[in-house]
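Read through the structure below, which is laid out as structure tokens, and then see the notes.
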Amino acid sequence: MTSFVLASASPARLGLLRAAGIEPQVVVSEVDEDAVESLARQQDPGLTPRRLAQLLAEAKGDAVASRTTDERVRWVLSCDSVLEVDGQVHGKPGTPEVARERWQQVRGRLAVLHTGHHLVDMRDGRTAGGPASATVRFASVTDAEVEGYVATGEPLHVAGGFTLDGLGAPFVESIEGHPSTVVGLCLPLLRRLLTDLGTDWWSVAQSRA
Ligand SMILES: Nc1nc2c(ncn2[C@@H]2O[C@H](COP(=O)(O)OP(=O)(O)OP(=O)(O)O)[C@@H](O)[C@H]2O)c(=O)[nH]1
């Protein structure tokens, strides 16, 4: 029986896979993302947000794959999402103050949500991966709307401080790209990664953990 590991704590990523017919086992990587980012910036001062998302996805996936001993596991998938605003990386705000600041910066503007992906075939160690990006047009929200959204607490724990499929939805005017990329796991890219590794989507989507 081939099984699928999602190396992510993200409930949104889990929901995307389940809705698409994959029931993964969740194994959180516990990778120190700040440490990975600072090392990457030392090695590459010009590190782009898109490249950072990919590096973080690879670090998480490799950490989980290296400690996966269950022979039944065939696939380990990891992801990482960041919002790029004026060339800067916006991860999870973490506090109401940062979430407020971020919204005052992005309202009425465009920004790009990058999600990195890393897929490991545990049978032979081959990997496939890459980033997917989506341009997000934010609504010109009022201060009161920002306060109301920050007060929900939702923006604090999601990349870029917004959700496309949650309480933040009314404040995103439109996106260019696949919605699943914004939510945190680009499903058409996952299909292509599986294909690159010689596997048909429905052989995986029918697998059950
Ligand atoms: N539901 C939802 N979640 C979003 C959206 N945009 C970003 N996120 C979430 O924001 C989080 C981005 O942080 P990450 O570091 O990539 O992932 P994480 O949640 O910390 O989990 P790990 O993969 O274990 O690091 C992920 O959980 C994304 O699913 C969105 O539009 N909708």
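Below, all heavy atoms of this structure are taken into account, side chains as well, without hydrogens, waters or symmetry copies. Start at 1 and go down the list; that is how both ligands and their atoms are numbered.
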Next item on the list: Return yes when atom CZ of R191 has more than 12 non-hydrogen atoms of other residues, nucleotides or ligands closer than 6.0 Å, and no otherwise.
Entry: no

Checklist line | Closest contact, heavy atoms only, R74 versus T199 | finding: NH2-OG1, 3.9 Å

Checklist line | Within-4.5 Å side-chain heavy-atom neighbours: V26 and V5 | finding: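 No, too far: nothing below the 4.5 Å cut-off.
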
Next item on the list: Can you sort out the partners of P93 under side-chain contact (heavy atoms from CB on, under 4.5 Å), two or more places apart, ordered by chain and number?
Entry: V98, A99, R102

Checklist line | salt bridge (charged side-chain N to carboxylate O under 4.0 Å, His left out): pairs with one or both residues in residues 164-190, sequence neighbours excluded | finding: none

For ligand 1, list all ligand N or O to protein N or O distances below 3.5 Å, rounded to 0.1 Å.
unit_1: ligand 1; atom_1: 1 (N); unit_2: D165; atom_2: OD1; d: 3.1
unit_1: ligand 1; atom_1: 1 (N); unit_2: D165; atom_2: OD2; d: 3.3
unit_1: ligand 1; atom_1: 6 (N); unit_2: V182; atom_2: O; d: 3.0
unit_1: ligand 1; atom_1: 10 (O); unit_2: A159; atom_2: N; d: 3.0
unit_1: ligand 1; atom_1: 15 (O); unit_2: E33; atom_2: OE2; d: 3.4
unit_1: ligand 1; atom_1: 15 (O); unit_2: K60; atom_2: NZ; d: 3.4
unit_1: ligand 1; atom_1: 15 (O); unit_2: D80; atom_2: OD1; d: 3.2
unit_1: ligand 1; atom_1: 16 (O); unit_2: R13; atom_2: NH1; d: 3.4
unit_1: ligand 1; atom_1: 16 (O); unit_2: R13; atom_2: NH2; d: 2.8
unit_1: ligand 1; atom_1: 16 (O); unit_2: D80; atom_2: OD1; d: 3.4
unit_1: ligand 1; atom_1: 16 (O); unit_2: S81; atom_2: N; d: 2.9
unit_1: ligand 1; atom_1: 17 (O); unit_2: R13; atom_2: NH1; d: 3.0
unit_1: ligand 1; atom_1: 20 (O); unit_2: K92; atom_2: NZ; d: 2.5
unit_1: ligand 1; atom_1: 23 (O); unit_2: S8; atom_2: OG; d: 2.7
unit_1: ligand 1; atom_1: 23 (O); unit_2: R13; atom_2: NH1; d: 3.0
unit_1: ligand 1; atom_1: 23 (O); unit_2: K60; atom_2: NZ; d: 3.2
unit_1: ligand 1; atom_1: 24 (O); unit_2: A9; atom_2: N; d: 2.8
unit_1: ligand 1; atom_1: 25 (O); unit_2: E33; atom_2: OE2; d: 3.0
unit_1: ligand 1; atom_1: 25 (O); unit_2: K60; atom_2: NZ; d: 2.6
unit_1: ligand 1; atom_1: 27 (O); unit_2: S10; atom_2: OG; d: 2.9
unit_1: ligand 1; atom_1: 29 (O); unit_2: S10; atom_2: OG; d: 2.8
unit_1: ligand 1; atom_1: 29 (O); unit_2: V183; atom_2: O; d: 2.8
unit_1: ligand 1; atom_1: 31 (O); unit_2: L164; atom_2: N; d: 2.7
unit_1: ligand 1; atom_1: 32 (N); unit_2: D165; atom_2: OD1; d: 2.6

Notebook entry, point to check: With ILVMFWY side chains joined below 4.5 Å, transitively, what does L110's cluster contain besides itself?
Noted result: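 Traced through the cluster, L110 reaches no other member.
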
